[in-house]
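In what follows, a structure is listed as structure tokens, so that the remarks can point back to it.
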Amino acid sequence: KLILLDSLLQEIAMPFRPTSSLMSRRGIEKRKQEQLVRAFHKADKNDDGYLSIEEYIRVFKEHGVDVAAEEINQFFTEKDKDMDGRISLKEFCGYKTLTEKAFEAMDTNSDHQITKPEMMAASERNGRRLSNHVIDTVFDLYDENKDDKLNYPEFCSMMNRRKSADLERSRSRTRSCSEMIN
């Protein structure tokens, strides 16, 4: 009777094992992410939401890790997915950046390059159809090897310039508001 009861309990419990295992893994992953977020905020000494190379180096030094400059540059470059010279929280935690997602969305044939027709199609999907002139200008500015395709580093260069311009406009508005108040 005990053997029969034991096997019956195992059969009843069986469907719950994968679920509880999955829930356990999710809990572990959530704790890991929380630890990464805390580590990031602790390392972000100037609270700008990014880790600079200097802040990144400081983390290694504070933990007594002796790492060569080449290794630090390699680690930093691997984390800096959008190639803007900083590591965001998303990059630090291993999530895809907006730049990566945008590139993948435009690269419809998954050949790791964006053509002019792909850029045009993406602009149409977003309801902001770009003119041929604008797309030609983008490629003139950012297609460094002049193959009529934007590879990921070229795309990042374009996106980072746009982010810098947006940031500067925001700073300019903030300065204007401050000047009006004072």
Problem - Any side-chain heavy-atom pair of Phe155 and Asp107 under 4.5 Å - result: no
Practice task
Treating Ile, Leu, Val, Met, Phe, Trp and Tyr as nodes and any side-chain heavy-atom pair under 4.5 angstrom as an edge, say whether Met120 and Met106 lie in one connected cluster.
Solution key: yes
Practice task
Measure from NZ or CZ of Lys79 to the centre of the six-membered ring of Tyr56, then state whether that distance is under 6.0 Å and the direction lies within 45° of the axis.
Solution key: no
Exercise for the section: Would you check if there is a donor-acceptor pair between the side chains of Glu70 and Gln74 at a distance under 3.5 Å? Expected result: no
Practice task
Give a yes or no on whether Phe40 and Phe75 share a hydrophobic cluster (residues Ile, Leu, Val, Met, Phe, Trp, Tyr; joining criterion: side-chain heavy atoms under 4.5 Å apart).
Solution key: yes
Practice task
Flag the pair Lys45 and Glu62 as a salt bridge only when some basic side-chain nitrogen lies within less than 4.0 angstrom of an acidic carboxylate oxygen.
Solution key: yes
Handout entry: Salt bridge Arg86-Asp84, side-chain N to carboxylate O under 4.0 Å
Key = yes
Handout entry: Atom NZ of Lys42 with >12 non-hydrogen neighbours under 6.0 angstrom
Key = no
Handout entry: Verify same cluster id: Leu98, Val138 (apolar side-chain graph, 4.5 Å)
Key = no
Handout entry: Side-chain touch Ile114/Met158, heavy atoms, less than 4.5 angstrom
Key = no
Completion exercise
Residues Phe76 and Gly85: closest non-hydrogen pair is CZ-O, 3.5 Å
Practice task
Please say whether more than 12 non-hydrogen atoms of neighbouring residues, nucleotides or ligands are located less than 6.0 Å from CG in Asp66.
Solution key: no
Handout entry: Within 6.0 angstrom of Tyr95 OH, more than 12 heavy atoms from elsewhere
Key = no
Problem - Any side-chain heavy-atom pair of Tyr152 and Glu100 under 4.5 Å - result: yes
